[in-house]
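Worksheet for the structure shown next.
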Number of protein chains: 2
Amino acid sequence: MPTKTADHVYFPRLAAERLDIALCRASATVSRAADTHAAETGLGVGQHLVLQMLDAVGPCSQQTLSEELRIDRSVMVGICDDLQQEDLVRRERNPRDRRSYAVTITDSGRRRLAQAQTSVPAFLDDTFRSLAPEERAQLSTLLGKLLGIGA
Amino acid sequence: MPTKTADHVYFPRLAAERLDIALCRASATVSRAADTHAAETGLGVGQHLVLQMLDAVGPCSQQTLSEELRIDRSVMVGICDDLQQEDLVRRERNPRDRRSYAVTITDSGRRRLAQAQTSVPAFLDDTFRSLAPEERAQLSTLLGKLLGIGA
DNA sequence: CGCCAATCGTTTGACAACAGATGATTTGCA
DNA sequence: TGCAAATCATCTGTTGTCAAACGATTGGCG
């Protein structure tokens, strides 16, 4: 995660000419905001995503979580470790395939998720306050296209 | 830099609900492409930015470069080290303030920059091929707004 | 002048993310 | 059945970035 931003001025022609850099900057800015929000809710971004997915689709293996959420397997280990330690998920062996876990969200996991869910919209509104709602939608669409999602 | 992406499917509701994540993904994807391009031209992204700025505004201190390009001072040390080693910049002490350097682009630095500049548009066209030109412009505008550039 | 704070470049240590290797288990195929 | 290959979770080592601390130098103020 990049350094705290100060009130400096970007090299002016940067944003227009190098979309790659601009995306990187934007990502960093938003990630930082997300981390702050995460610290407040007590759920890291990765942890939040995992809970969200478990709540939506039911028990998953870490492998499935990794692939769907595009989080590296070895990182997923740590995320699940932390979630388990806080009793937000359970790790049970999948009886059908004992290589894999069946990671399951617990009741307190659901409660924690619910708390976070209500604060996410406020966080997003704050983070993207420089964009009008329709611009946010545009941005979302464009990023979706760029990433090849929901084409 | 995140892992190589495969042809998996994102957790479907991600892009719309969590722009932060989408930005992160997009940034990662594009960064990876930028790194590939950088490897081809022999100029890392940071090195390219520094040369670009030195060429545009003349000799700078590392401090100025850091602030304008939003690259951490301690990272700038390494970037300038590498550039100097390849004889693309010179580091002279600023006689007015001997604490700081006057980092100056060399002739071979200018040549290297010129080579890279011609290949950047091609690289960008390839990376953003899933977006129409007007969409790229839109994206650029939106990111600029989000970052508070050229408002 | 003389001292204290600030600045510039650098080094060090910490941390997150990734690539690759490992052990346990399962699957595919002869 | 039996064995090789694949898969899941994990661990280790590497890389890139950041925060904090450090010398060297400068500027401000009595």
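Worth saying up front: this structure is predicted, and the values here are computed from it rather than measured.
In summary, the side chains of Gln138(A) and Glu134(A) do not present any donor paired with an acceptor at a separation below 3.5 Å, with no hydrogens or angles considered. Between the side chains of Arg112(B) and Gln47(B), no donor N or O sits under 3.5 Å from an acceptor N or O.
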Practice item. List the protein contact pattern of nucleotides 6-13 of chain D with one symbol per nucleotide (5' to 3'): B for base contact, S for sugar-phosphate-only contact, - for none; contact means a heavy-atom distance under 4.0 Å. Key: BBSBBB--
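For the pair Arg70(B) CZ and dT17(D) P, the computed distance is 16 Å after rounding to whole Å. Atom CZ of Arg98(B) is separated from atom C1' of dG27(D) by 14 Å (rounded to the nearest Å). Whole-Å rounding puts the Asn94(B) CG to dA24(D) C1' distance at 15 Å.
Cluster membership for Leu54(A) and Val77(A), using ILVMFWY side-chain heavy atoms within less than 4.5 angstrom, is not shared.
Between Gln117(A) and His48(A), the closest side-chain pair of non-hydrogen atoms falls below 4.5 Å. Between Ser108(A) and Leu88(A), some side-chain heavy-atom pair lies under the 4.5 Å cut-off.
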